[in-house]
Chemist: 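Sharing a structure below in structure tokens format, with a few things to ask.
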Protein chains: 2
Amino acid sequence: MLTSTVENYLKALLMLSNQGEKRVSTGDLAKSLGVTPGSATSMIKTLAEAGLANHKPHYGVLLTDEGRTLAVHVVRRHRIIELFLVNILEMEWDEVHVEAEQLEHVVSDEVIARMDKLLEYPTIDPHGDPIPSADGTFIERPVHQLSQCEEGQRVQVARISDQNSSFLKFAESHGLTPGATIEVQRRNEHADSITLQSNEEEITLGFTAANRIEVELVG
Amino acid sequence: MLTSTVENYLKALLMLSNQGEKRVSTGDLAKSLGVTPGSATSMIKTLAEAGLANHKPHYGVLLTDEGRTLAVHVVRRHRIIELFLVNILEMEWDEVHVEAEQLEHVVSDEVIARMDKLLEYPTIDPHGDPIPSADGTFIERPVHQLSQCEEGQRVQVARISDQNSSFLKFAESHGLTPGATIEVQRRNEHADSITLQSNEEEITLGFTAANRIEVELVG
DNA sequence: CACTCCTTTTTGATTAATCAAAAATTATAC
DNA sequence: GTATAATTTTTGATTAATCAAAAAGGAGTG
Ligand SMILES: [Mn+2]
Ligand SMILES: [Mn+2]
Ligand SMILES: [Mn+2]
Ligand SMILES: [Mn+2]
């Protein structure tokens, strides 16, 4: 059985490699997990020895097919749990990530299967992220960054790529939740900001914030 | 924060001290957790240093009030989770113990509170065990062992004090679940057995098995 | 009170995960 | 092409939890 720590490293590698192409640097991996580079190096070796990752010293690390499959299943558990917590236990969307971060390592396949059924085989989590299917299929919807949308464009919020609780609370309070339709009013490259019409209300975001919101173009 | 291991030791101590009176021996504690006596001794010291237990070397260990409170909350989490898995996720009563043994260490108070509400503040778990209340109240119903009931006695199953999956399956298949009413037909001290009428069916149990079934006397 | 038996504790090692700080390596700049 | 900066790896220590086996302690028997 894999330890929680190993599962967290696998998941981080999957996310950082952007679902499979480019090698991940030790430093990025360490930063994303909040450990020192030395700790990351040491775990990378462990993963490589277990056949879960491929390590080219000084040039980065990449999951093997086996490692990727395991990582995708951790992500599946994480997202099903998040949706379960929101839809069944009626928790807030900004608090379920932290909870799922722990639960993903201990819930059995049986429990996940039951949650999946109760939720009627969902494909999207509370933050708009796709839920990998039980057979390991994991597809990213092609989406655009809100920060790069043009003036006058009508778009639909697809996902929020930031799990920070206070950012999520902020987004929700301005109607920026998956599925919401908004319109880009103004875009000011110099001011580093974009102004939106959402929920009868006008709101201006800096590009950094707008970067965390991904959208789909509407009609 | 307490580690899972510490929580498991606290819970074992609570159970073995029969809710608070007698000292627990290192050997019994080790056996109940499946570790060597040396491991138990070492953890007992850790608990004593943390003020969670009181250790009299060579004479046993007992939880302090603080340790007991923590242990009771672990038991509360365990039993709410078990009931949740059975009632909401429709899992079998013989598989939820193993699951809860892991989940009890990671679910937040928030999640427990939500489950508690959804279950309408239950007081008994799927095996008939009492669920301690949020304020730490933990009362055992006074019950009798089925093995000591007299012939002709009508009783109601109160709890099954064995979490073994196959024993639970067996009990269920003969209608021996909490709430069921049964009648003692015969009792044979020499044969070490007791015969019951349950569910239109007659069934004979050895005293060892009957010991694991606790009952309440019926009018 | 000495001997034996059983239990408990101690000792010494091991494993997983981590950090701080030193050493090595790669990339970049002159 | 050597010096410098940044990143990565290595080294040595630490913590929690465990085990096997040796040492110590307690209780009962004669
Ligand atoms: Mn996690
Ligand atoms: Mn999510
Ligand atoms: Mn447990
Ligand atoms: Mn139970």
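Chain naming here is simple, since letters A, B, ... match the order of the sequence lines and numbering starts at 1 in each.
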Chemist: Just the rounded figure in Å: distance from P of D:dT18 to NZ of B:K45.
Modeler: 15 Å
Chemist: Roughly how many Å is it from OH in B:Y59 to P in D:dA24, rounded to a whole number?
Modeler: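 Going from OH in B:Y59 over to P in D:dA24 covers 18 Å.
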Chemist: Have a look at B:E104 and tell me which of B:K11, B:H73, B:R77 forms a side chain to side chain donor-acceptor pair (under 3.5 Å) with it.
Modeler: B:K11
Chemist: Have a look at A:T41 and say if it touches a base, only the backbone sugar-phosphate, or nothing, with a 4.0 Å heavy-atom cut-off.
Modeler: base
Chemist: Just to confirm, is there a sub-4.0 Å distance from OP1 or OP2 of C:dT8 to any side-chain nitrogen or oxygen of B:S25?
Modeler: yes
Chemist: Give a yes/no answer on whether the side chain of A:T46 brings an N or O atom under 4.0 Å of OP1 or OP2 in C:dA17.
Modeler: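 Checking C:dA17 against A:T46, no side-chain N or O comes under 4.0 Å of OP1 or OP2.
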Chemist: Would you kindly give the CE-to-C1' distance between B:M1 and D:dT15, to the nearest whole Å?
Modeler: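 In whole Å, D:dT15 C1' and B:M1 CE are 17 Å from each other.
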Chemist: May I have the distance from A:M43 (atom CE) to C:dA17 (atom P), rounded to whole angstrom?
Modeler: 4 Å
Chemist: Need one value for B:G27: base, sugar-phosphate or nothing, where a base atom within 4.0 Å counts as base even if backbone is also close, heavy atoms only.
Modeler: sugar-phosphate
Chemist: What nucleotide, of D:dC19, D:dA17, C:dT26, holds the atom closest to the side chain of A:H58?
Modeler: C:dT26
Chemist: Quick one: pull up CG in B:L52 and CG in B:L63 and give me the separation to the nearest 0.5 Å.
Modeler: 8.0 Å
Chemist: In whole angstroms, how far is the C1' atom of C:dA16 from the CG atom of A:L2?
Modeler: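 In whole Å, C:dA16 C1' lies 13 Å from A:L2 CG.
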Chemist: For B:K56 and C:dT7, what is the distance between atoms NZ and C1' respectively, to the nearest whole Å?
Modeler: 16 Å
Chemist: Considering only heavy atoms from C-beta outward, does the side chain of B:I124 approach that of B:D129 to under 4.5 Å?
Modeler: no
Chemist: Both A:S42 and B:P57 contact DNA chain C. Taking the nearest nucleotide for each, which residue is further toward the 5' end?
Modeler: B:P57
Chemist: C:dA17, OP1 or OP2 - any side-chain N/O from A:T5 closer than 4.0 Å?
Modeler: yes
Chemist: Can you find a side chain N or O atom of B:H55 that sits less than 4.0 Å from OP1 or OP2 on C:dT8?
Modeler: no
Chemist: Measure from NZ on B:K31 to C1' on C:dT7 and round the result to the nearest Å.
Modeler: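 Going from B:K31 (NZ) to C:dT7 (C1'), I get 11 Å.
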Chemist: For a 4.5 angstrom cut-off between non-hydrogen side-chain atoms, does B:K117 reach A:L89?
Modeler: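 No, side chains not in contact.
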Chemist: Does B:R23 count as lying over the ring of B:Y59, i.e. NZ or CZ under 6.0 Å from the six-ring centre, within 45 degrees of the axis?
Modeler: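 So B:R23 doesn't make the cation-pi contact.
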Chemist: Side chain of B:T3 only, heavy atoms from C-beta on: which candidate in C:dT9, D:dT9, D:dA16 is closest?
Modeler: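 Nucleotide nearest to B:T3's side chain: D:dA16.
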Chemist: Closest to the B:V6 side chain: D:dA17, C:dT9, C:dT26?
Modeler: D:dA17
Chemist: How many whole angstroms separate atom OH of A:Y9 from atom P of C:dA16?
Modeler: 14 Å
Chemist: Should A:S39 be listed as having a side-chain N or O under 4.0 Å from OP1 or OP2 of C:dT18?
Modeler: no
